[in-house]
2 protein chains.
Amino acid sequence: MDRLQNHSRKFASGKNLVFQGQSDQILYIVHSGWVCSYKLQPDGSRQIIDFQVPGDLLGLRNVLFNICDHGIETVTTVKVSEIIVSDLMDTFKKYPRIAIATFWSASREEAMVVEHLVDIGRRGATERVAHFLLELGARLTLVGLGSKVGYDCPLTQFHLADAMGLSAVHVNRVLRQLREDGMVTFRNSHVTFDNYDRLAEFAEFDPSYLDQEGPLLQ
Amino acid sequence: MDRLQNHSRKFASGKNLVFQGQSDQILYIVHSGWVCSYKLQPDGSRQIIDFQVPGDLLGLRNVLFNICDHGIETVTTVKVSEIIVSDLMDTFKKYPRIAIATFWSASREEAMVVEHLVDIGRRGATERVAHFLLELGARLTLVGLGSKVGYDCPLTQFHLADAMGLSAVHVNRVLRQLREDGMVTFRNSHVTFDNYDRLAEFAEFDPSYLDQEGPLLQ
DNA sequence: CGCCTAGTTGAGGTAAGTCAATTCACGTGG
DNA sequence: CCACGTGAATTGACTTACCTCAACTAGGCG
């Protein structure tokens, strides 16, 4: 897998890696920094699909698609490695196990999008934001960047709003409520879990969809 | 691919094919009838992730996952073929092209979930339902079960509500409005596009994410 | 120092939810 | 054949969660 990463690149924060509608067949692995993928609406609003943190694959969704149906933007400065798709395809042919692992990674990504869908479709704003902060925490903990105490989080309240299908104003109110209830504090680019267990219960957070076990290989 | 389908089965309507939390590693291809996959919330509400219609793969998302993170339920009586996952994996090793095609299918499924996410996160109820009816129409047209005139749709307003993140009462009101505006009629298990172009414009429907071209093979 | 972006708070509006009553279609048993 | 039960659709009255607009504060930086 390492041999596939032939080109390392660095991007500034707030830059577009891929524009919506563009057809770049490039896959990245995030080394440091945060990235988000999103879809723009004709009316100018945008929906953030998910965030990528160090260790995540980027652009898997549109590797096989003729047009990229969503944009990708850096949240912070970001270091990534490029993977040429045709190289990856060749590797699949030689090492089917890599194909299966990549497939697992795609399944995990989709499971997160599905949970995101449930989040927006069926949870109130407060539970939704709480659930989201917990999910980020669990993901970052896997790569050593977080714990049940908290984690560094470079997102603005606007990012949060675009991700949660809420207005930035309402996100602010929700964060205040969560803080005043003594569950979680989001401030100065840092998330602090003031009471992890109560928060997890409140948000009905069940991390099993993150499937921390890894792929079930035959 | 045909040789993989070793076992044909039939299910009555309203039956669970897979329970949420179960760990069945079975993949199905739908031959006739409609199926939906959903997630239940602890409070009893449910979010339908998507519907499967004839020609669709079923259960791809949880093939590599240790636990199935969502349930699958028949909407109508349904005929499916079983695919044993270990057979599929063996086939991947022998025919990488099949792996790529399956991967494309998974990407398409995810693109639909993403569009669904945008639908719920950023569109008003009326546009949302309109967009959804158009997407179903486009998918059914691909397999010869629909056209720009309309299609048979066995869903109840409760299904629609669970899929759209709305209440059944509100779905009813929205359908009435769309009908009275002369855009689309949903009645007696049939969708009639009274004015397809106006509806598509109203819902800002862009079917490119359905990627009707098929996988980009090397 | 002044500008810009992010965050904060209040007031008032609106889309969608809940509860409840009614109708309708359909099947089933007396 | 009709009485009855059941699930779906329909509609009204009222409530609420979230949005919009708007004003203001606090930091970072040329």
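All values below were derived from every heavy atom in this structure, side-chain atoms included, with hydrogens, water molecules and symmetry-related copies excluded. Labels below follow one simple rule: chain letters A, B, ... track the order of the sequence lines, proteins then strands, and each chain is numbered from 1.
Under a 3.5 Å cut-off, the side chain of B:Arg61 and the backbone N or O of A:Ser107 do not form any donor-acceptor pair. At distances below 3.5 Å, at least one donor-acceptor pair connects side-chain atoms of A:Thr141 with backbone N or O atoms of A:Gly137. In this structure, the side chain of A:Asn195 engages the main chain of A:Arg198 through a donor-acceptor pair within 3.5 Å. With hydrogens and angles ignored, the 3.5 Å screen pairs a side-chain donor or acceptor of A:Thr74 with a backbone N or O of A:Gly14. With hydrogens and angles disregarded, no donor-acceptor distance shorter than 3.5 Å links the side chain of A:Asp181 to the backbone of A:Met183.
C:dA16 atom P lies 11 Å from atom CE of B:Met164, rounded to whole Å. Separating the CG atom of A:Asp162 from the P atom of C:dA6 is a distance of 11 Å, rounded to the nearest angstrom. Regarding A:Asn188, its CG atom lies at a distance of 9 Å from the P atom of D:dG27, rounded to whole Å. In this entry the distance linking NE2 of B:His170 with P of D:dA13 reads 17 Å, nearest Å.
Taking a 4.0 Å limit (strictly below) on heavy-atom distances, residues 114-126 of chain A reaches DNA chain D at A:Gly124, A:Ala125.
Proximity of the aromatic rings of B:Phe51 and B:Phe132 is defined here by a centroid distance below 6.0 angstrom, and this criterion is met.
Rounding to the nearest 0.5 Å places NZ of A:Lys79 at 5.0 Å from OG of A:Ser32.
For the pair A:Leu133 and A:Phe186, the tightest heavy-atom approach, listed with the atom from each and the gap, is CD2-CD1, 4.1 Å.
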Which atoms of nucleotides 9-11 of chain D (N or O only) lie under 3.5 Å from a protein N or O atom, and what are those distances?
{"from": "D:dA9", "atom 1": "OP2", "to": "B:Gln157", "atom 2": "N", "distance (Å)": "2.8"}
{"from": "D:dT10", "atom 1": "OP1", "to": "B:Arg187", "atom 2": "NH2", "distance (Å)": "3.1"}
{"from": "D:dT10", "atom 1": "OP2", "to": "B:Gln157", "atom 2": "NE2", "distance (Å)": "2.7"}
{"from": "D:dT10", "atom 1": "OP2", "to": "B:Asn172", "atom 2": "ND2", "distance (Å)": "2.8"}
{"from": "D:dT10", "atom 1": "O5'", "to": "B:Asn172", "atom 2": "ND2", "distance (Å)": "3.3"}
{"from": "D:dT11", "atom 1": "OP2", "to": "B:Arg176", "atom 2": "NE", "distance (Å)": "3.1"}

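Counting any heavy atom pair closer than 4.0 Å across all strands shown, A:Gly14 reaches no nucleic acid atom.
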